[in-house]
Amino acid sequence: MQVAKVILDIQSNQFSNPLEFAILPGKSSQVEFESSKNYEAEVGCVCVVPFGKQFKLGFIVDIVSETEISRPTNSLKSIACVVSESFFDKDSYEFAKFIANKYLCAMATALRLFVPSGSMPRLKHVGNKWIATSHKFRITDKNYTEKYISKNFAEKDWEKFQLTKGQQVSLDAIASSIDSNLNNAFVLDGVTGSGKTEVYLRAIAKVLDIDKTAIVLVPEISLTPQIVSRFSARFGSKIAVLHSKMTPAERFNQFHRIKNGEIKLVIGARSALFCPLKNIGLIVIDEEHENSYKQDNNPRYHTRTCAEWLSTTNNALLILGSATPSMESLYKCETEKNWRLLELPERTNGKPLPQIEVVDMGMEFKSGSKNLFSYHLRKNILKELSEGNKVLLFHNRRGFSNYMFCRNCGYTPTCSNCSTTMTYHRSHSGASTSQELKCHHCGLKEQVPVKCPECGSPYIARYGAGTQNVEDSLKALLFENDLKQVSVIRMDADTTKNVGGHQKCLDEFSKSGPAVLLGTQMIAKGLDFDEVTLVGIVLVDTNLSLPDFRSSERTFNMILQVAGRAGRGEKPGKVIVQTYTPDSEAVELATIYDKKTFLSIESQKRGLLHFPPYYQLANIISSSPDEDAAMQYSNEIQQLLENNINERINIMPSTSCVIEKLRNQYRYHIVLKAPLNFNLSKFIEESLKPLKKTTKVKVTIDIDPINLL
């Protein structure tokens with residue numbers, strides 16, 4: 001008799017150890033499986049098992065013989081039925097265990113990462129029966145990758161270009177590691193336009209030549225059309241694409257192509273790291289500094305950490321590329337022997353980086369100008385467009401206005417669920433215009449007040465600008481200067497929410513002739529348009545105003561990343577940065593591309609304050625609709641941590657979060673700081689074992705948080 005070890009699909013740490021069930025022929029009379037398929041029990045399958053007087057779904061993580069278990073076999077309950085194909089193997093189970101232990105999540109939560117979206121079976125209780133249903137996706141021969149290839153992003157003929165010295169040195173180092181079968185990590189620090197993608201392509205080609213596979217991760221779906229088009233031109237049908245905008249049926253079919261060995265190269269967002277690819281030889285993380293590589297819900301894993309574990313386990317190479325590498329990755333190059341920094345200091349076309357000019361908007365305002373665009377930016381926008389060039393405008397705030405404000409009493413509409421202001425949105429449909437206030441955290445919508453709800457004053461107005469407002473102002477500027485035929489493409493979360501939205505925007509912008517691409521952070525990186533000669537940053541101060549230790553680094557990185565979109569072709573580029581803080585270190589040093597000085601200053605601050613990359617962090621958040629309950633529970637957690645105190649740990653006192661209320665939940669948090677070689681996850685887990693569970697308060701443990709808001 002065979003015995004299955006099963007992890008119950010229950011999102012609780014107390015069910016993270018496998019239970020044993022007999023594998024017997026036949027099915028339970030109490031469970032009905034609504035499928036014509038007959039699945040055999042194997043590692044990675046979802047099954048239905050008895051649990052007390054109920055039945056639960058579970059993941060089979062191992063199959064052993066009856067002689068390999070210590071308990072009598074006649075005491076074992078048996079699996080009721082197997083309701084899916086295998087989604088993962090034993091190696092993936094080990095990966096899931098690493099994630100569960102590192103990020104303190106339930107094993108079932110970690111294992112679900114390996115199940116394609118929409119493919120998880122369901123179990124419901126109807127009368128005296130338990131009914132299990134599986135997905136109804138059909139495996140087809142369709143190549144879904146072709147859907148994400150754009151004819152406007154054809155692969156450049158790199159054979160006619162001579163590799164730069166930096167590219168050649170980098171490729172030699174990578175090739176040497178591949179030939180020697182070494183598990184090395186390379187940080188590819190290349191200025192924008194330096195040919196990092198070509199290094200990826202050639203490294204992948206070498207890996208595929210020795211019959212291994214590769215994964216390429218990108219931070220934004222908006223980058224997919226360009227990346228996939230270039231890689232498809234080089235590698236043909238060996239590619240699969242995986243990202244959140246795909247339908248469940250598409251993801252399921254791509255999953256099967258990968259699992260069946262048809263695919264040698266997977267491109268996608270962070271979830272692509274959990275695909276069933278075998279014999280991995282290379283993992284590439286493009287724009288590795290990006291915040292989107294950190295999962296913002298359970299399990300709160302960081303892609304870089306998981307990719308490092310996966311590459312080490314597979315004895316594969318890891319390449320992390322960026323024009324502004326994270327301080328964590330740079331620090332590893334200084335301290336770990338198998339990490340190496342590779343630099344690409346020049347653009348492949350030999351052209352200089354674009355000149356960056358700063359406009360002090362405070363002085364602009366004092367001079368009497370109240371326009372969103374400074375005189376200098378307006379003049380340059382009109383000049384470049386009239387000459388047939390393209391312009392990119394970056395503004396990291398969607399909506400029409402940031403907030404509304406009563407000039408009589410100071411009232412500002414705030415979200416009733418979150419301690420944040422509501423954002424004003426305006427949309428046009430034919431001759432009609434609709435207006436609403438919207439919370440970007442919970443999605444709450446409200447009508448726009450015509451007078452102040454507090455004092456009745458009619459003097460309630462909109463302040464600050466979102467991308468909608470910038471778009472309107474831009475169109476007015478073009479109309480006034482007889483350039484109304486110029487296309488204005490707005491690219492933000494509102495205009496790209498539908499499937500194919502990103503690609504539609506980029507295809508429109510790539511058409512010949514003058515055009516303006518206006519967008520949020522999704523246009524700040526990776527986009528490669530030779531015709532862009534001007535980049536304007538409407539307001540750079542958004543990140544700097546946040547009370548977070550990474551604010552300065554993010555601002556510096558953002559300026560360099562956005563600036564890199566200009567001057568990538570034969571024509572020189574120019575960048576205009578509008579700011580109310582022209583004297584900040586991040587702005588001053590970014591405008592002269594002085595990365596070395598910025599990192600030196602920032603490193604000193606981080607070291608003194610015990611922040612990454614020199615220390616690791618954990619953020620423990622207690623949230624509840626009852627503010628007192630959240631505060632008291634957070635205090636209890638702090639007491640338990642201090643009871644188990646270690647002299648190497650620094651526990652900050654419990655306090656309300658910067659965003660005190662979010663989605664109708666009051667939030668209190670405790671920040672822990674520890675040396676890099678300390679097992680902070682285990683310390684927290686052991687300390688909180690005596691914590692009494694309550695349904696009134698939800699506890700979130702975020703290991704290696706990207707912000708403390």
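Under a 3.5 Å cut-off, the side chain of S84 and the backbone N or O of V46 do form a donor-acceptor pair. The main-chain N or O of I523 is never found under 3.5 Å from a side-chain atom of R565 such that the two would form a donor-acceptor pair. The main-chain N or O of L217 is found under 3.5 Å from a side-chain atom of Y293 such that the two form a donor-acceptor pair. Put simply, the side chain of K90 never gets that close to the backbone of V43: no donor and acceptor are under 3.5 Å apart. Side chain of T520 to main chain of D492: no donor-acceptor pair is present (N/O by atom type, distance under 3.5 Å, no hydrogens or angles). Counting only distance, with no hydrogens or angles, the side chain of S176 and the backbone of A173 share no donor-acceptor pair below 3.5 Å. Of the possible donor and acceptor atoms, one in the side chain of T213 sits under 3.5 Å from a partner among the backbone N and O of K278. Checked by atom type and distance alone, the side chain of R251 never pairs as donor or acceptor with a backbone atom of L242 at under 3.5 Å. Not one N or O on the side chain of E553 forms a donor-acceptor pair closer than 3.5 Å with the backbone of R550. Proximity of a side-chain donor or acceptor of R257 to a complementary backbone N or O of N253 within less than 3.5 Å is not detected.
Identified under the salt bridge (Lys or Arg N to Asp or Glu O under 4.0 Å) test for residues 171-183, with sequence neighbours left out: D179-K206.
When only modelled atom types and interatomic distance are considered, D211 and N279 share no side-chain donor-acceptor pair under 3.5 Å. Inspection of the S92 and D89 side chains reveals an N or O donor paired with an N or O acceptor under 3.5 Å.
With rounding to the nearest 0.5 Å, the separation of CG in N298 from OG1 in T700 is 7.5 Å.
With sequence neighbours excluded, the residues that form a side chain to side chain contact (heavy atoms under 4.5 Å, CB included) with L341 are V187, D189, L330, C333, E343. In this view, D548 and R554 satisfy the side-chain hydrogen bond (donor to acceptor under 3.5 Å, both in side chains) rule, not counting sequence neighbours. A316 is linked by a side chain to side chain contact (heavy atoms under 4.5 Å, CB included) to I280, S311, N314, counting only residues two or more places apart in sequence or in another chain. Looking at residues two or more places apart in sequence or on another chain, you find a ring-ring contact (aromatic ring centres under 6.0 Å, His included) between F15 and F51. Take Q11 and apply the side chain to side chain contact (heavy atoms under 4.5 Å, CB included) test, not counting sequence neighbours, and it matches D9, A108, T109, R112. Partners of N619 under the side-chain hydrogen bond (donor to acceptor under 3.5 Å, both in side chains) rule, at least two apart in sequence or in another chain, are H669. For F394, there are no ring-ring contact (aromatic ring centres under 6.0 Å, His included) partners at least two apart in sequence or on another chain. Remark: S194 engages V191, K196, L344 in a side chain to side chain contact (heavy atoms under 4.5 Å, CB included) (not counting sequence neighbours). Partners of K238 by side-chain hydrogen bond (donor to acceptor under 3.5 Å, both in side chains), not counting sequence neighbours: none found. For R304, the salt bridge (charged side-chain N to carboxylate O under 4.0 Å, His left out) test picks out E288, with sequence neighbours left out. Listed by chain and residue number, nothing satisfies the salt bridge (charged side-chain N to carboxylate O under 4.0 Å, His left out) test with K504 (two or more places apart in sequence, or in another chain).
Figure legend: cation-pi geometry between K102 and Y301 absent, as NZ or CZ is not positioned both under 6.0 Å from the six-membered ring centre and within 45° of its axis.
Across every non-hydrogen atom of L57 and V83, the tightest pair is CD2-CG2, 4.2 Å. Taking both residues in full, the closest heavy atoms of S16 and C105 are given as OG-O, 4.4 Å, listed atom of the first, atom of the second, then distance. When all heavy atoms of I215 and A272 are compared, the closest pair comes out as CD1-O, 4.1 Å.
A salt bridge is defined here as a Lys NZ or Arg NE, NH1 or NH2 lying under 4.0 Å from an Asp or Glu carboxylate O, and R490 with E508 fails to meet this definition. The residues E85 and K259 are annotated as not salt-bridged, no charged nitrogen and carboxylate oxygen being separated by less than 4.0 angstrom.
Aromatic pair F137/F255: ring centres not closer than 6.0 Å.
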### Message
Go through it in stages, so that I can follow the logic: the residues are L273 and T303, the test is side chain to side chain contact (heavy atoms under 4.5 Å, CB included), and I'd like the CA-CA distance, side-chain angles, deciding distance and then a yes or no.
### Response
CA-CA 8 Å; L273 202 60; T303 305; 4.1 Å; yes

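The residue from F59, F87, F274, Y93 that alone fulfils the ring pair (Phe, Tyr, Trp, His ring centres under 6.0 Å) condition with F114 is F274.
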